[in-house]
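Heads up, the thing below is written out as structure tokens.
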Protein chains: 4
Amino acid sequence: MNEHSFIILIHKSPLMMDKKTRILQATEKLLAMYGFHGLSMQMVAREAGVAAGTIYRYFEDKDDLLHQLHDHILACVANKISQNVSDNMPLQQRFRTMWLNIWDMAIQDDAPLINRGQFDSLPKRENQEQRLLEKKLFAKVDQMFSDGKAAGLFKPLDNEILGTLSLEPCICLARKHVNGVYKVSDEVLDAAIEASWDAIVQH
Amino acid sequence: MNEHSFIILIHKSPLMMDKKTRILQATEKLLAMYGFHGLSMQMVAREAGVAAGTIYRYFEDKDDLLHQLHDHILACVANKISQNVSDNMPLQQRFRTMWLNIWDMAIQDDAPLINRGQFDSLPKRENQEQRLLEKKLFAKVDQMFSDGKAAGLFKPLDNEILGTLSLEPCICLARKHVNGVYKVSDEVLDAAIEASWDAIVQH
Amino acid sequence: MNEHSFIILIHKSPLMMDKKTRILQATEKLLAMYGFHGLSMQMVAREAGVAAGTIYRYFEDKDDLLHQLHDHILACVANKISQNVSDNMPLQQRFRTMWLNIWDMAIQDDAPLINRGQFDSLPKRENQEQRLLEKKLFAKVDQMFSDGKAAGLFKPLDNEILGTLSLEPCICLARKHVNGVYKVSDEVLDAAIEASWDAIVQH
Amino acid sequence: MNEHSFIILIHKSPLMMDKKTRILQATEKLLAMYGFHGLSMQMVAREAGVAAGTIYRYFEDKDDLLHQLHDHILACVANKISQNVSDNMPLQQRFRTMWLNIWDMAIQDDAPLINRGQFDSLPKRENQEQRLLEKKLFAKVDQMFSDGKAAGLFKPLDNEILGTLSLEPCICLARKHVNGVYKVSDEVLDAAIEASWDAIVQH
DNA sequence: AATGAATGAGGTTTCATTCAT
DNA sequence: GATGAATGAAACCTCATTCAT
């Protein structure tokens with residue numbers, strides 16, 4: 001660092017971050033409203049309140065936008081699921097809390113994607129790295145299943161399987177609830193949680 | 001017939017099915033191979049061995065083609081699920097048979113759509129009429145749940161809920177199996193069937 | 001060929017050929033008028049009197065269009081150069097005829113491209129095959145140079161070099177003439193032909 | 001300076017030329033590498049190490065940049081051609097020196113534009129003023145032709161014509177040499193110079 | 001003077017649909 | 001009924017240019 005050197009300060013201002021977020025949110029909303037087809041970059045731009053070209057400052061191309069949206073949502077989901085869950089709570093309480101966290105998320109309008117079945121058809125990079133990231137995101141869920149098996153309470157199956165048996169039904173149910181296929185009352189909800197629990201505990 | 005003319009020979013083999021079926025099968029295959037984006041009417045036409053315009057003799061437009069494909073597949077699925085199931089078989093055997101019917105279908109390659117998660121993103125007409133049709137298609141499933149409740153064996157929940165709790169996990173699991181996310185061994189498969197059963201029976 | 005076979009006749013009608021030709025001609029004209037930049041597919045379509053999408057029935061993409069135009073023009077040029085030239089005419093008459101053929105072509109509006117220097121910047125496929133094709137197209141020119149060398153009249157240089165020394169100046173001159181850089185009178189034209197001749201004959 | 005800030009260090013080396021020159025050089029390089037199509041202002045900015053907007057301090061618009069580049073290169077060319085040429089050298093030596101100066105320039109890599117045929121497709125302002133400027137730049141060439149005619153050695157044609165007949169073939173040849181169409185040996189080079197000389201001297 | 005994020009018109013290309021044959 | 005060439009709207013994406021900082 002001599003007399004010819006100088007310094008440039010770059011402020012990644014909240015406003016700039018705002019733009020990328022706005023684009024992601026616009027994409028999520030439109031994807032939920034019109035599905036995968038009716039999603040054009042022009043629409044995203046209009047909804048986000050930016051010019052079409054601006055999207056390409058933040059995302060390589062349409063595919064990149066969707067990939068990043070996938071990751072973004074996944075992170076949100078993982079975060080939401082783990083809310084109010086700590087590893088020293090009783091197992092059944094942890095299970096119930098997470099189950100209801102998923103339910104709430106799918107019911108509310110915050111995460112409009114999770115509930116329309118569009119989420120799964122988002123392009124994902126199916127590689128080892130991605131798998132590890134997901135595992136880390138859903139650590140709390142993982143921990144619960146592991147603890148349950150260690151206590152001899154859950155069936156001796158891989159966590160992946162336990163999740164599929166007990167938490168996926170929650171999402172399926174929520175989807176039907178939101179789509180109006182079937183309205184789920186509070187009593188039925190409690191029964192569904194119990195049934196999900198029954199699926200994975202030893203009898 | 002001048003110097004600009006030339007000749008193409010086409011063998012109309014007895015194997016050529018009727019055009020509508022060929023179009024539907026071509027669509028299913030291409031949808032499984034290239035997903036929703038990579039599906040163009042010209043591709044369907046080429047794969048089906050018909051002219052692009054011919055598709056419009058049998059289907060109103062692209063949406064109609066996809067709707068009809070949805071119904072077509074749904075009928076196949078319902079038919080497959082009910083195979084080797086009669087209403088006087090023991091409940092658990094009925095359940096196990098249907099569960100495995102779903103699994104087999106999702107694992108094999110003759111119903112390429114069901115297993116890639118593309119099926120759910122097909123456009124569906126979500127109306128009363130459609131709901132009734134589905135109910136009729138899945139009558140055997142319905143009957144099993146009703147019988148189980150009448151016998152006091154199943155939880156007193158609507159059939160819709162019982163299905164979501166015990167059969168949807170099968171589809172989710174199959175999807176993961178096919179996508180390579182998780183390879184399901186025979187022992188795990190048996191355990192999963194038992195767990196699905198545990199979810200809906202009274203304890 | 002059994003009872004299941006049938007025949008389809010395809011007429012490559014003159015009208016259809018017309019469309020491809022019209023697109024090529026439109027491209028040539030616009031390229032001469034507006035240069036390489038101001039050439040958009042929309043403009044070509046409008047000038048050719050077809051829809052934008054129609055171009056893509058006949059040409060893979062823009063590059064293919066330009067490639068094919070290059071070949072098309074090259075063939076025209078080769079044909080024009082060889083007009084009224086036969087291998088048993090005296091050498092100097094053959095040379096003069098070809099030189100003037102080039103000149104006429106560059107001066108007239110038939111081949112608007114050759115004279116604006118746009119021609120050379122058209123994308124060409126620089127491969128062996130292409131080189132051979134060109135050699136065949138310009139066979140008459142080749143023959144003249146070979147005959148001249150056999151007669152001990154021309155310098156013992158490769159035909160490629162002889163062409164560059166005696167015919168390229170014609171094109172350069174014509175370009176300047178058309179661009180208005182320098183107006184070439186008939187006497188000067190004669191002198192230029194003689195000078196080109198002097199460049200390649202032995203002294 | 002909060003958690004969103006970070007720092008970049010830039011060493012302003014003494015080698016950094018003034019910005020306008022850097023922009024011109026960047027343009028020349030990119031034009032040679034990617035041709036006319038692949039040249040965007042953002043690329044030029046990146047290559048020159050300036051911001052996109054900065055270009056517009058020195059050049060009206062893209063066209064102006066290209067115009068000025070044209071003039072810039074033309075001046076370089078004129079300068080190079082005249083190297084080691086003085087008006088009291090024998091005519092043939094002057095001619096040979098200039099011919100070889102052109103050849104060297106086209107063969108080497110420091111004037112990347114002249115040799116790829118991109119140069120001619122640069123936009124030029126074809127007006128009287130421009131013509132006069134060029135005449136002044138190429139004064140040495142002009143002088144040689146005038147002297148040759150005064151001595152009764154050259155044909156009595158305008159200098160413009162003499163140049164086209166004897167020096168343009170050099171450029172054409174060099175282009176073919178560089179493009180790999182035809183590899184020119186030293187003997188052929190000498191022969192080509194002699195042939196160019198033959199084209200303009202009286203016989 | 002310099003920056004570079006933002007713009008949005010315009011580029012190439014695709015594709016659902018029509019219609020003369 | 002069947003064809004497939006033609007259409008042209010609309011898709012994705014680029015890039016010359018501006019302007020607040």
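FYI, side chains are in, hydrogens and waters are out, and symmetry mates aren't considered; it's all heavy atoms of this structure. Below, chains carry the letters A, B, ... as their sequence lines are ordered, and counting in each starts from 1.
Rounding to whole angstrom units, CE of residue C:Met41 and P of F:dA11 are separated by 20 Å. Between the CZ atom of A:Arg46 and the P atom of E:dT7 there is a distance of 14 Å, rounded to whole Å. For the pair C:Gln42 CD and F:dA9 C1', the interatomic distance rounds to 10 Å; values are reported in whole Å. Straight-line distance from the CZ atom of A:Phe59 to the C1' atom of F:dC12: 16 Å, rounded to whole Å. The CZ atom of A:Phe36 sits 11 Å away from the P atom of F:dC12 (whole-angstrom rounding). Atom CG of C:Leu30 is separated from atom P of E:dG11 by 12 Å (rounded to the nearest Å). The nearest whole Å value for the distance from the CG atom in B:Asp18 to the C1' atom in F:dG1 is 14 Å. In this structure, CD1 of D:Ile55 is placed 9 Å from P of F:dA16, rounded to the nearest angstrom.
Considering OG1 of D:Thr27 and CD1 of D:Ile73, their distance stands at 9.0 Å, rounded to 0.5 Å. To the nearest 0.5 angstrom, C:Gln68 atom CD is 9.0 Å from C:Glu60 atom CD.
If D:Ala52 and B:His37 are placed on DNA chain E by their nearest nucleotide, the residue sitting closer to the 5' end is D:Ala52. Judged by closest nucleotide on DNA chain F, B:Gly53 is the one of B:Gly53 and A:Lys62 placed further toward the 5' end. Residues B:Glu60 and C:Leu39 both approach DNA chain E. Their nearest nucleotides, taken by heavy-atom distance, put C:Leu39 toward the 5′ side. Of the two residues contacting DNA chain F, namely A:Asp61 and C:Gly49, the nearest-nucleotide position lying further toward the 5' end is that of C:Gly49.
Contact annotation: C:Lys19 reaches the phosphate of F:dA6 (side-chain N/O to OP1 or OP2, under 4.0 Å). Regarding contacts with the backbone of F:dA2, every side-chain N or O of B:Arg57 stays at 4.0 angstrom or more from both OP1 and OP2.
Cation-pi geometry between B:Lys29 and B:Tyr34 is not met at under 6.0 angstrom from the ring centre and within 45 degrees of the axis. D:Lys20 forms a cation-pi arrangement with D:Phe59, by the criterion of a distance under 6.0 Å to the ring centre and an angle within 45° of the ring axis.
Summarising the base pairing, E:dT21 is matched to F:dA2 through a Watson-Crick or G-U wobble pair whose two defining distances lie under 3.5 Å. Applying the Watson-Crick and G-U wobble criteria (two distances, each under 3.5 Å), E:dA1 pairs with nothing in any strand.
Here the nucleotide nearest the side chain of C:Tyr56, chosen from F:dA16, E:dA5, E:dT13, is E:dT13. When each of E:dA1, E:dT7, F:dA2 is scored by its nearest atom to the side-chain atoms of B:Thr54, the top-ranked nucleotide is F:dA2. The side chain of C:Ser40 lies closest to E:dT12 when the candidates are E:dA5, F:dA6, E:dT12.
Inspection of the A:Thr21 and A:Asp18 side chains reveals no N or O donor paired with an N or O acceptor under 3.5 Å.
Across all strands shown, D:Tyr58 has heavy atoms under 4.0 Å from sugar-phosphate atoms exclusively, and none from any base. As judged by a 4.0 angstrom heavy-atom cut-off over every strand, B:Leu65 is placed among residues making no nucleic acid contact.
For the pair D:Leu74 and D:Glu134, the tightest heavy-atom approach, listed with the atom from each and the gap, is CD2-CG, 3.4 Å.
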